[in-house]
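Heads up, the thing below is written out as structure tokens.
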Amino acid sequence: MRRKQPKIATDAVAFEAFYRRHVDAVTRFLARRVDDPHTVADLVAEVFMAVLDSAQTYRADLGTEIAWLYGVARKTISAERRRAYKQYQLTDRVSGRRPLDTDDVARLEERIDAERRRAVAPTACGGSPAHATPPYGSPSALPG
């Protein structure tokens, strides 16, 4: 059986009244769990956007509006923490590495092309690849 869509999902006036009734409680709930006030403001907005998207899931017989909102807020915080952790992991992976500029990329492309030409040259001239210089120089030139 399909549930009737609550008024807050379709009626701007009903949503505004719902928002005004609960925004302070949701803000306090999030502020107790998140240090940055800008992130709190973003999360409050995300919670109420999620409310619009999932208004049909609210069931008054299972609990109050505010209890449902706290559940939505808890899931929103969890999603934000997962996103922040992924960002941290990416930052950690690239820390200490300098980004390549266009000159660096051009030099690397030139080296790769030169190594490919050098690897192909002996076989193209009828020489034996077994006697060719290794494509990346002598083994003693390798790092490590």
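Numbers here simply count residues along the sequence, with the first being 1.
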Enumerate the residue pairs fulfilling ring-ring contact (aromatic ring centres under 6.0 Å, His included) with a member in residues 87-116, sequence neighbours excluded, ordered by first and then second residue.
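Those involving residues 87-116 do not exist here.
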Other cluster members, V13 - Ile/Leu/Val/Met/Phe/Trp/Tyr, side-chain contacts below 4.5 Å:
none
Starting from the C-alpha separation in whole Å, work towards a yes-or-no answer on side chain to side chain contact (heavy atoms under 4.5 Å, CB included) for L52 and I8.
CA-CA 7 Å; L52 284 175; I8 63 168; 5.6 Å; no
Tell me which pairs pass side chain to side chain donor-acceptor pair (under 3.5 Å) where either residue lies in residues 69-82, with sequence neighbours left out.
E80-R83
Could you name each residue pair satisfying side chain to side chain donor-acceptor pair (under 3.5 Å) that touches residues 33-51, not counting sequence neighbours?
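Residue pairs with at least one partner in residues 33-51: D36-T39.
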Heavy-atom side-chain contact between T57 and W68 under 4.5 Å:
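Of all side-chain heavy-atom pairs linking W68 with T57, at least one is under 4.5 Å.
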Go through it in stages, so that I can follow the logic: the residues are L69 and F48, the test is side chain to side chain contact (heavy atoms under 4.5 Å, CB included), and I'd like the CA-CA distance, side-chain angles, deciding distance and then a yes or no.
CA-CA 9 Å; L69 272 170; F48 283 99; 4.3 Å; yes
With sequence neighbours excluded, residues passing side-chain hydrogen bond (donor to acceptor under 3.5 Å, both in side chains) with Q89
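With sequence neighbours excluded, Q89 shows a side-chain hydrogen bond (donor to acceptor under 3.5 Å, both in side chains) to Y85, given in chain and number order.
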Under the side chain to side chain contact (heavy atoms under 4.5 Å, CB included) rule, collect the residues that match up with [X], sequence neighbours excluded.
{"X": "T64", "result": "I66, A67"}
{"X": "R111", "result": "none"}
{"X": "D104", "result": "R98, L100, D101, R107"}
{"X": "E65", "result": "F18, R21, H22, Y58"}

For A73 and V47, which heavy atoms make the closest approach, and how far apart are they?
CA-CG2, 3.6 Å
Who pairs with R32 by salt bridge (charged side-chain N to carboxylate O under 4.0 Å, His left out), at least two apart in sequence or on another chain?
none
What is the distance from atom CZ of R28 to atom CG of L30, rounded to the nearest 0.5 Å?
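One finds 11.0 Å between CZ of R28 and CG of L30.
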Using 0.5 Å steps for rounding, measure from the CG atom of L90 to the CD atom of Q87.
6.0 Å
Who are the ring pair (Phe, Tyr, Trp, His ring centres under 6.0 Å) partners of F15, not counting sequence neighbours?
none
